[in-house]
Amino acid sequence: MTASETSIFDAFSDMIPDDCKPLSPLSYHEYALKQCEWYNESSGNLNVSDGYNCEECKNRGYFQILDEEDNHVMRPCKCQRVRTFIRTMQVSGLGDLYRRCTFDRYKVENDWQRQCKESALAYAKGSSNGWFYFAGQSGCGKTHLCTAICSYLARHGRTIMYVVWKSVFDKLVQTKFKDADHEQILNAVINADVLYIDDFLKTPKNAEPAADMLSYALEIIDARYKTDRKTIFSTEFMIDDIFRFDDALGGRIAEKTKKNKIQVSRGDGKNYRRKE
């Protein structure tokens, strides 16, 4: 305002309602804080891609704050860790299995189920790159507990790759004479940070695996054995069966699993899918 404008305003200021009076100019610090407030009150759309709704950051994923020199700095919301986990599980191939296959939702009704859960949880919390082997009849909870292990590992920063053995084997056979595609499939499985192989060596009616299947299995397992990469198996074949199929394959799995083995013998009442 000019000097004359200021004097006029002062003369009539008592006649102007408070909410119509001009605001005092903001300092740079105050204006910077306002910008942070405007940003932090806005809504984001991260929930559209991952389905997770965060009321704290309103799905932006970040908060805007000021550093000591009044520069704007982005601080990640704690929901980012959850979103990273969700993306990891979706990319892994497990889809939404991780939502229902958790340690908390695994039903313990008898001693063998309690032992399975305790063994799986102990492995998940372990720090080594040892392997985990869960053998047993269909419906005894193999996929549930192995998925729970993967979920736990993903929450703690590991990258998971889930494969169904027959699907991988079929792709390898189909691309046998397509070198680039064949190598891409093999390398992805061999180099995965954490590999979960479901229904390992699965065959119709649990017949003995053919030579080409065992050859691919040994190639993958031997490579992961040599590079010490965390590997999880669920299968209907016991370790002794693997030795019977191929001594070298059985030896590597037995060595790397050591105490991290669950082998549920067949029996009535061990298929939870048949329970009402």
Side-chain angles (χ1 to χ4, degrees), residues 1 9 13 16-106 117 120-130 132 143-163 188 191-196 228-232:
M1 293 182 183
F9 176 77
S13 62
I16 302 175
D18 290 339
D19 59 357
C20 293
K21 292 179 179 179
L23 299 174
S24 301
L26 297 175
S27 67
Y28 177 80
H29 175 74
E30 291 171 329
Y31 180 65
L33 281 177
K34 282 292 183 183
Q35 287 182 307
C36 290
E37 290 176 9
W38 294 331
Y39 177 82
N40 293 333
E41 289 173 0
S42 67
S43 297
N45 60 359
L46 291 179
N47 57 322
V48 174
S49 60
D50 57 33
Y52 182 78
N53 183 53
C54 180
E55 296 181 356
E56 189 168 343
C57 74
K58 300 179 182 179
N59 298 312
R60 295 182 312 275
Y62 290 90
F63 294 97
Q64 194 173 81
I65 60 175
L66 296 180
D67 64 13
E68 295 178 354
E69 298 179 352
D70 283 343
N71 296 312
H72 290 103
V73 178
M74 305 304 287
R75 175 176 65 81
C77 177
K78 61 184 180 182
C79 75
Q80 289 284 37
R81 185 170 181 175
V82 178
R83 296 183 195 281
T84 299
F85 162 72
I86 292 173
R87 288 193 295 270
T88 297
M89 297 308 290
Q90 290 174 338
V91 171
S92 73
L94 282 165
D96 286 336
L97 268 180
Y98 74 92
R99 297 184 187 277
R100 65 177 184 271
C101 296
T102 65
F103 285 116
D104 289 340
R105 299 186 69 174
Y106 180 78
K117 181 177 179 179
L121 188 56
Y123 174 78
K125 292 182 176 181
S127 58
S128 75
N129 270 345
F132 186 81
T143 299
H144 188 126
L145 285 178
C146 288
T147 300
I149 291 172
C150 291
S151 295
Y152 185 95
L153 294 175
R155 288 182 187 278
H156 289 77
R158 302 300 293 265
T159 301
I160 313 298
M161 181 178 185
Y162 167 79
V163 298
N191 297 319
D193 176 33
V194 177
L195 177 65
Y196 169 24
D228 193 30
R229 296 183 185 275
K230 210 172 186 73
T231 309
I232 299 166

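From a predicted model like this one, the values you see are computed outputs, not experimental measurements. Residue numbers count from 1 along this sequence. These values consider heavy atoms only, across backbone and side chains, with no hydrogens, waters or symmetry-generated copies.
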* Asked: Of all residues at least two apart in sequence or in a different chain, which pass the side chain to side chain contact (heavy atoms under 4.5 Å, CB included) check with Leu66?
  -> His29, Ala32, Leu33, Cys36, Asp70, His72

* Asked: Is the cationic atom of Arg75 (NZ for Lys, CZ for Arg) positioned less than 6.0 Å from the six-membered ring centroid of Tyr62 and within 45 degrees of its normal?
  -> no

* Asked: What pair of heavy atoms forms the shortest contact from Asp193 to Thr159, and how long is it?
  -> OD2-N, 2.9 Å

* To do: To the nearest 0.5 angstrom, please state how far the OH atom of Tyr106 sits from the CG atom of Leu145.
  => 5.0 Å

* Asked: Is the backbone of Ser27 close enough, under 3.5 Å, to the side chain of Glu30 for a donor and an acceptor to pair up by distance?
  -> yes

* **Lys117 side chain to Phe103 backbone, donor-acceptor under 3.5 Å** => yes

* Asked: Is Lys34 close enough and on-axis enough to Tyr39, meaning under 6.0 Å and within 45°, for cation-pi?
  -> no

* Heavy-atom distance under 4.5 Å between the side chains of Cys54 and Arg83, does that happen here? -> yes

* Any side-chain heavy atom of Lys230 within less than 4.5 Å of one from Leu153? -> yes

* **Verdict with supporting geometry, Asn59 and Asn53, side chain to side chain donor-acceptor pair (under 3.5 Å)** => CA-CA 6 Å; Asn59 298 312; Asn53 183 53; 2.8 Å; yes

* To do: Taking the side chain as every heavy atom from C-beta outward, state whether Cys150 and Ser92 have any pair of such atoms under 4.5 Å apart.
  => no

* Asked: Is there side-chain contact between Ile232 and Leu195, with at least one heavy-atom pair below 4.5 Å?
  -> no

* Asked: Would the number of heavy atoms belonging to other residues, nucleotides or ligands and lying under 6.0 Å from CZ of Arg99 be above 12?
  -> yes

* **Beyond-backbone contact of Ser42 with Arg60, side-chain heavy atoms, under 4.5 angstrom** => yes

* Validation row: Thr147, Tyr196 side chains within 4.5 angstrom (heavy atoms) -> yes

* Asked: Is the charged tip of Arg100 near the ring of Tyr98: under 6.0 Å from the six-membered ring centre and within 45° of its axis?
  -> no

* Asked: Which heavy atom of Ala192 sits nearest a heavy atom of Arg229, and at what distance?
  -> O-CD, 3.7 Å

* Asked: Donor-acceptor pair, Arg81 side chain versus Arg155 backbone, under 3.5 Å?
  -> yes

* For the side chain of Asn40 and the backbone of Gln64, is there at least one donor-acceptor N/O pair under 3.5 Å apart? -> yes

* Asked: Do Tyr52 and Asn47 have side chains that get closer than 4.5 Å, going by heavy atoms?
  -> no

